[in-house]
Amino acid sequence: MLKEAFIGELLGRDDLIGSRVRVCGWVHNIRDVGRIKFIVLRDRTGFIQGVVKAGESPGEAVEEAGRLKLESVVCIEGLLVRGRAREGVEVKVDSVEVLSTPVEPLPLEPDDSLKSILATRLNYRWLDLRNPRVTKIFLLEAWVAGKFREYYSGEGFVEIFTPKIVAAGTESGAEVFPVIYFGREAFLAQSPQFYKQFAVIGGLERVFEVGPVFRAEPHHTTRHLTEYHSLDIELGFIEDYNDVMDYVEGFFRNLLTSLTRDETIKPIVEEFNVEVRLPREVPRISIRDAYKILEEEYGKKIPYGEDLDSEGERLLGDYARRVHDSDLIFITEYPWKVRPFYTMRIEEEPEWTYGFDLLYKGLEVVTGGQREHRYSKLLENLEDKGLNPESFKFYLDFFKHGAPPHGGAGMGLERIVMQILGLENIREARLLPRDPERVTP
RNA sequence: GCCGCGGUAGUAUAGCCUGGCCUAGUAUGCGGGCCUGUCAAGCCCGUGACCCGGGUUCAAAUCCCGGCCGCGGCGCCA
């Protein structure tokens, strides 16, 4: 390896002071004070200052240092000494090795990239990503996905990998991207829904998946992407959908608790200056109660039996915080008319379902519910939705040979990250966002 | 998909409403120079822009129309 250690690994290591180190990274800043040059190197873990002095440092190093540009990729070597730099230590440089240097002026300065509009930042995302604050978003995202895997693996869930090229859309209504599959029409999966049910029915019982999903909806909002990452779970032998919510809640408790305790992630939370609240209890209120709360406490009228709009969700987020001291709130028993056909309906009140959403800081981040596992009921549901059972034959067949009662949920990774950090636009939480206008870079 | 707002150097902005004093200002970057402890380094010099097309007018960055692109709200959703 050209590089022996991350910058962060060299900082705060008193035992290394006085020894020779090699540091590789990007030139973050050059402060040329006449015969002394200060070179600030950056990698994803931090900054370190190198000092080159004319007359003192080897002539070759001085010459090379003079040729550096911002964002040149270099390795410097020298003694690690206590210095007057912010980091407490600095490198007395005796060798500068330039690995790559910009061939054109920078269209965006990483250090200042946040001053640019998002569109420009996304056009030059490889530079924007070097902004330490932006880097941290993706370190957190990786950590969240890791926590998801860790939590559910620990609860006996099996990770699955389902097809992303599929023959039919999952939910009626939501638009899919068609692809030409050897001359036939196929689609990009908008959800692993059918296949995670398949895996449960196939005897894996408890499964999870982390994967991309695709939605051909022309949304122009700060919280939609046409390609995002879904954290999915599905589990069999549930008594009712509260079992599903228990597992969702368990994950969020674990996540938020770790967020406040994990030393590796604390600096990120601090950088964004966000408060992480651990709820004592996560309220579960039926949507019918939510209608009442919205009307009585906020004067907001949602037509009975209709879905919540985004303002309603924001207000319920406020309600949860005010009344229950919780950033999280489950809304349950969604109306049948706004839920997909595979959702289990309440036997005595078939206009309502065992479907729920979880709002985090007033934004829907999870959707889930108990699924209909009875073949005949599924047929009824399809008929009720005016859907043709023929188009769902491959799915219906799963249910012909023994399917346990089951349910599950899907969580939006980017939305979770966005809400944790208080980002204003979901594109910030996507490395290379896809939206109705953008397919590059 | 419907509705609204916007497009000025590489980047971010001022100017636009109330057309002329705009040879388009500022910051940062970039190029050059000075400076032996900077840390948003500083100082001096230079570089570089009105999205495209049409119209109104003596005169358009500025007003009008069309296009393209961007941003946001709603619907819908994670």
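All figures in this text were calculated on a predicted structure; none of them were measured in a lab. Numbers restart at 1 for each chain; the letters A, B, ... are given by sequence-line order, proteins then strands.
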* Asked: Can a donor-acceptor pair be found between the side chains of A:E217 and A:H224 at a distance below 3.5 Å?
  -> no

* Using a distance-only test with no angle check, is there a side-chain donor-acceptor pair under 3.5 angstrom linking A:W336 and A:D384? -> yes

* Structure fact -> Protein-proximity profile, nucleotides 29-37 of chain B, B/S/- by nucleotide at the 4.0 Å heavy-atom cutoff, equals SS----BBB

* **Any A:R121 side-chain N or O less than 4.0 Å from OP1/OP2 of B:rG10** => no

* Asked: Watson-Crick or G-U wobble partner for B:rA9, using a 3.5 Å limit on both distances?
  -> none

* Asked: If the P atom of B:rA59 is compared with that of B:rC21, how far apart are they to the nearest Å?
  -> 15 Å

* Structure fact -> For A:G18 and A:L79 the tightest heavy-atom approach is O-CD2, 3.6 Å

* Return the nucleotide paired to B:rC77: Watson-Crick means purine N1 to pyrimidine N3 with N6-O4 or O6-N4, wobble means G-U with N1-O2 and O6-N3, both under 3.5 Å. => none

* **Donor-acceptor pair under 3.5 Å, A:H224 side chain vs B:rC77 base** => yes

* To do: Looking only at non-hydrogen atoms, find the nearest pair between A:S286 and A:T332 and report the distance.
  => CA-OG1, 3.2 Å

* Asked: Given the C1' atoms of B:rA61 and B:rC17, what is the spacing between them in whole Å?
  -> 14 Å

* For atom CD of A:E437 and atom P of B:rG72, their distance in whole Å -> 10 Å

* In whole angstroms, how far is the C1' atom of B:rA78 from the CD atom of A:E227? -> 14 Å

* **Note: A:K300-A:E295 ion pair, threshold 4.0 Å (strictly below)** => no

* Within less than 4.0 Å of OP1 or OP2 of B:rA12, is there a side-chain N or O belonging to A:T120? -> yes

* Indicate, with yes or no, if the rings of A:W352 and A:Y304 have centres closer together than 6.0 Å. => yes

* Closest to the A:L225 side chain: B:rA78, B:rG1, B:rA12? -> B:rA78

* Considering only side-chain heavy atoms of A:E313, which listed nucleotide, B:rC77, B:rG10, B:rG1, is closest? -> B:rC77

* Asked: Rounding to the closest angstrom, what is the interatomic distance between B:rG4 and B:rG48 at atom C1'?
  -> 34 Å

* Residue whose closest nucleotide on RNA chain B lies nearer the 5' end, A:S230 versus A:I30 -> A:I30

* Please determine, by modelled atom types, if A:H406 and A:Q370 share a side-chain donor-acceptor pair under 3.5 angstrom. => no

* Would you indicate, yes or no, if B:rA78 has its OP1 or OP2 atom less than 4.0 angstrom from a side-chain nitrogen or oxygen of A:T367? => yes

* Asked: What interatomic distance, in whole Å, is found between C1' of B:rG31 and the corresponding atom of B:rG72?
  -> 39 Å

* Rounded distance in Å between the C1' positions of B:rU26 and B:rA9 -> 12 Å

* **Pair A:F214 + A:F177: ring centers closer than 6.0 Å** => no

* Asked: Base, sugar-phosphate, or nothing for A:N123, non-hydrogen atoms under 4.0 angstrom?
  -> nothing

* Assign A:L413 to base, sugar-phosphate, or nothing according to its heavy-atom contacts below 4.0 angstrom with the strands shown. => nothing

* **Who pairs with B:rG66 - Watson-Crick or G-U, where each distance is under 3.5 Å** => B:rC52

* What is the nucleic acid contact for A:P218, judged by heavy atoms within less than 4.0 Å: base, sugar-phosphate only, or nothing? -> base

* To do: Round to the nearest Å and state the distance from A:E141 atom CD to B:rA78 atom C1'.
  => 13 Å

* Asked: Roughly, in whole Å, what's the span from CD1 in A:I426 to C1' in B:rA78?
  -> 7 Å

* When the ring planes of A:Y247 and A:Y152 are compared, do they come out parallel, tilted or perpendicular, using 30° and 60° as the limits? -> tilted

* To do: Using only heavy-atom distances, determine whether the side chains of A:T222 and A:N425 contain a donor-acceptor pair under 3.5 Å.
  => no

* Distance, P atom - from B:rG7 to B:rC51, rounded to whole angstrom -> 8 Å

* Find the distance A:M418:CE to B:rA78:P and express it as a whole number of Å. => 15 Å

* What is the distance from CG of A:L118 to P of B:rU11, rounded to the nearest Å? -> 15 Å

* **Watson-Crick or G-U wobble mate for B:rC58, both contacts under 3.5 Å** => B:rG20

* Just call it for A:T222: base, sugar-phosphate, or nothing, with non-hydrogen atoms closer than 4.0 Å on any strand. => sugar-phosphate

* Mind checking A:V213 for me? I need base, sugar-phosphate or nothing, with any heavy atom below 4.0 Å counting as a touch. => nothing

* Side-chain heavy atoms of A:L431 within contact of A:L129, under 4.5 Å -> yes

* Asked: With respect to the phosphate group of B:rC74, does any side-chain polar atom (N or O) of A:S310 fall under 4.0 Å of OP1 or OP2?
  -> yes

* Asked: Heavy atoms under 4.0 Å, any strand shown: does A:N29 hit a base, just sugar-phosphate, or nothing?
  -> sugar-phosphate

* Assign A:R427 to base, sugar-phosphate, or nothing according to its heavy-atom contacts below 4.0 angstrom with the strands shown. => sugar-phosphate

* Which whole number of Å gives the distance between the C1' atom of B:rC52 and that of B:rA41? -> 43 Å

* Quick one: is B:rU11 close enough that its OP1 or OP2 comes under 4.0 Å of any side-chain N or O from A:S113? -> no

* Structure fact -> note: A:R223, atom CZ; B:rG72, atom C1'; distance rounded to Å ~ 11 Å

* Asked: So what's B:rG72 paired with, Watson-Crick or G-U wobble, going by both distances under 3.5 Å?
  -> B:rC3

* Sugar-phosphate, base or nothing in reach of A:E71, heavy atoms under 4.0 Å -> nothing

* Tell whether A:R415 reaches the base of B:rC77 with its side chain through a donor-acceptor pair below 3.5 angstrom. => yes

* **Distance in angstrom units between A:L308 CG and B:rG75 C1', rounded** => 14 Å

* Asked: Picking from B:rA78, B:rA12, B:rG75, which would you name as closest to the side chain of A:I117?
  -> B:rA12

* Sort out the partner of B:rA14 for me: Watson-Crick or G-U wobble, both distances under 3.5 Å, none otherwise. => none

* **Touch class at under 4.0 angstrom, heavy-atom based, for A:R430 against every strand present** => nothing

* To do: Output yes when at least one side-chain N/O atom of A:R314 is less than 4.0 Å from OP1 or OP2 of B:rG73, else no.
  => no

* Asked: Under 3.5 Å, is there a donor-acceptor pair between the A:D435 and A:H219 side chains?
  -> no

* **Rounded distance in Å between the C1' positions of B:rA78 and B:rA60** => 48 Å

* Complementary nucleotide for B:rU36 - Watson-Crick or wobble, under 3.5 Å -> none

